[in-house]
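Here the structure is laid out as structure tokens; the discussion comes afterwards.
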There are 2 protein chains.
Amino acid sequence: MFENQQPIQKDKLHDQVYDRLCTLLREGEFTPGQAVPVSKVAKAFGVSAMPVREALTRLLAIGVLANVSGRSVGVPVLGYDELTDLRNVRLEIESLAVRWAVKNCDKAFLAEIDDLLGRLEKTEQSGDIAAYIKTNYEFHLRLYQQSRSPVLTEVIDTLWLRVSPHLYQLEKEDQYKVSNIHHRKIVESIHRGDADAASEALIADLSDAYEVLVRMLFQTEST
Amino acid sequence: MFENQQPIQKDKLHDQVYDRLCTLLREGEFTPGQAVPVSKVAKAFGVSAMPVREALTRLLAIGVLANVSGRSVGVPVLGYDELTDLRNVRLEIESLAVRWAVKNCDKAFLAEIDDLLGRLEKTEQSGDIAAYIKTNYEFHLRLYQQSRSPVLTEVIDTLWLRVSPHLYQLEKEDQYKVSNIHHRKIVESIHRGDADAASEALIADLSDAYEVLVRMLFQTEST
DNA sequence: ATCCTTGATTCGTGATGACATTCTTCCGCT
DNA sequence: AGCGGAAGAATGTCATCACGAATCAAGGAT
């Protein structure tokens with residue numbers, strides 16, 4: 001007993017700042033291209049500049065933030081090539097995770113994923129976009145965690161953090177309504193143990209969101 | 001002209017520290033489990049604690065370093081499960097990158113990869129292990145860069161940084177001699193445009209190294 | 001009216017210092 | 001001799017500050 005206990009990590013200040021920034025990123029509170037100054041965040045969170053600096057450094061390290069203007073960091077503005085690259089990689093890696101998840105499928109997982117799907121459909125009807133975004137993230141994350149690969153899950157999580165600020169702009173569209181069709185297909189495929197169908201449905205889910213996003217971002221520029 | 005010019009990034013102090021730490025990691029200068037104190041690095045590099053702290057934070061963020069004892073950070077000691085997880089993910093992601101690279105194959109790439117293979121075989125004969133490790137990294141990196149996916153290349157690069165400190169322990173074995181057989185097979189497959197064969201050879205390359213490493217690390221524990 | 005220049009402000013980088021926690025060592029107890 | 005605790009050293013965390021670079025704004029020149 002107690003051989004494999006990790007030492008308890010106290011929540012350092014910079015960890016809390018990091019988590020809050022991640023939440024804000026997932027909720028689309030950051031406009032791409034807009035600077036995120038240390039002092040503003042520090043003031044808003046009621047902490048000194050130091051832990052904020054550390055949190056921003058971490059987000060910078062995993063590619064979520066980038067230099068946007070000489071000295072300032074912020075969510076980078078993604079061009080068409082970068083968005084497409086992100087999509088291509090996500091398609092491969094996330095569909096891989098789903099295939100692994102189907103292999104590791106068990107009863108507890110099925111129950112949880114059913115519950116999450118139910119909550120997704122509930123939030124869809126209520127029209128609460130923020131809740132839908134949050135639940136959608138939980139749904140996908142739970143899916144990938146079932147791959148039982150911490151490395152893969154972590155990679156995917158950072159990729160999500162990179163696209164979230166941009167994907168959030170889909171809120172004005174009705175993308176989330178068609179998205180649940182794919183979600184249902186994913187869950188059904190998992191119940192049947194059909195890894196190929198599940199990854200197909202996931203790919204359709206990601207691709208649809210990508211299509212809408214690209215159309216929204218670049219339809220005016222091409223004219 | 002000059003529309004798409006990125007602002008020139010001066011080499012900040014923490015960037016230089018980060019690069020040097022990465023090099024040291026790839027050269028196996030860090031023993032897993034051993035603490036890497038800020039003050040020691042700062043003194044060794046002749047800088048203050050601040051830039052070192054920032055560099056370590058970045059390495060911590062991408063999972064290369066981890067908490068090893070309450071307060072200290074260092075290269076984490078990897079158990080069998082973690083090594084296997086890393087291998088599984090690397091197998092999938094790196095073979096994917098190679099398949100993409102074959103698709104994007106061009107003359108300049110072929111010339112460069114031929115040159116790198118030649119240098120690999122030269123360093124193999126000279127027995128200069130440090131040079132072999134370095135060239136091996138360049139060979140693989142160049143391979144993955146041809147996937148023309150910055151996201152994928154970056155993911156792979158951090159994965160390499162995570163395993164490098166452990167893989168370096170293979171220096172005492174003669175692993176690098178059989179490794180070049182796989183390298184040659186990879187290059188030949190690329191020349192033929194055979195993506196499947198190339199990824200197969202890459203998988204064999206990674207798997208062999210993994211096998212030797214696992215045997216070395218865990219042969220005594222299982223008795 | 002537009003562009004350039006210049007001063008003021010903002011902000012990031014790196015340095016230093018105070019404080020709390022952890023690690024280490026050594027001494028005393030059993 | 002082995003174990004446990006306490007004092008000292010070492011180290012990470014966070015705050016604050018000095019400095020320089022970048023941004024912004026206002027005023028002057030064309």
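Computed from a predicted structure; not experimentally measured. Heavy atoms only: backbone and side chains are in, while hydrogens, waters and symmetry mates are out.
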How long is the line joining [atom1] of [X] and [atom2] of [N], in whole Å?
X	N	atom1	atom2	value
N67(A)	dG12(C)	CG	C1'	10 Å
L13(B)	dC19(D)	CG	P	17 Å
D15(B)	dT13(C)	CG	P	9 Å
Q34(B)	dA10(D)	CD	C1'	16 Å
Q16(B)	dT13(C)	CD	C1'	13 Å
D11(B)	dG14(C)	CG	P	11 Å
L59(A)	dG12(C)	CG	P	14 Å

- Among residues 36-56 of chain A, which contact DNA chain C at a heavy-atom distance under 4.0 Å?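 Per residue number, the list reads V36(A), P37(A), V38(A), S39(A), K40(A), R53(A).
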
Measuring from [X]:[atom1] to [Y]:[atom2], what's the distance to the nearest 0.5 Å?
X	Y	atom1	atom2	result
I62(A)	E154(B)	CD1	CD	10.0 Å
Y210(A)	N88(A)	OH	CG	7.0 Å
I93(A)	L96(B)	CD1	CG	7.5 Å
H166(B)	T31(B)	NE2	OG1	10.5 Å
Q145(B)	E112(B)	CD	CD	8.5 Å

Are any protein N/O atoms closer than 3.5 Å to N/O atoms in nucleotides 23-25 of chain C? If there are, list each pair with its distance.
residue: dC23(C); atom: OP1; partner: S69(B); partner atom: O; Å: 2.6
residue: dC23(C); atom: OP1; partner: S69(B); partner atom: OG; Å: 3.1
residue: dC23(C); atom: O4'; partner: R71(B); partner atom: NH2; Å: 3.4

- Run the numbers on E138(B) and R142(B) for salt bridge (Lys or Arg N to Asp or Glu O under 4.0 Å), then give the verdict. CA-CA 6 Å; E138(B) 288 175 19; R142(B) 184 64 188 87; over 6 Å; no

- Item | Geometric cation-pi criterion, R26(A) with Y137(A): 6.0 Å, 45° |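 Yes; both conditions hold, so R26(A) lies above the ring face of Y137(A).
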
- Query: Under 30°, 30 to 60°, or over 60°: which ring-plane class applies to F218(A) and Y80(A), parallel, tilted or perpendicular?
  - Reply: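 Taking Y80(A) first and then F218(A), their aromatic rings stand perpendicular (interplane angle over 60°).
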
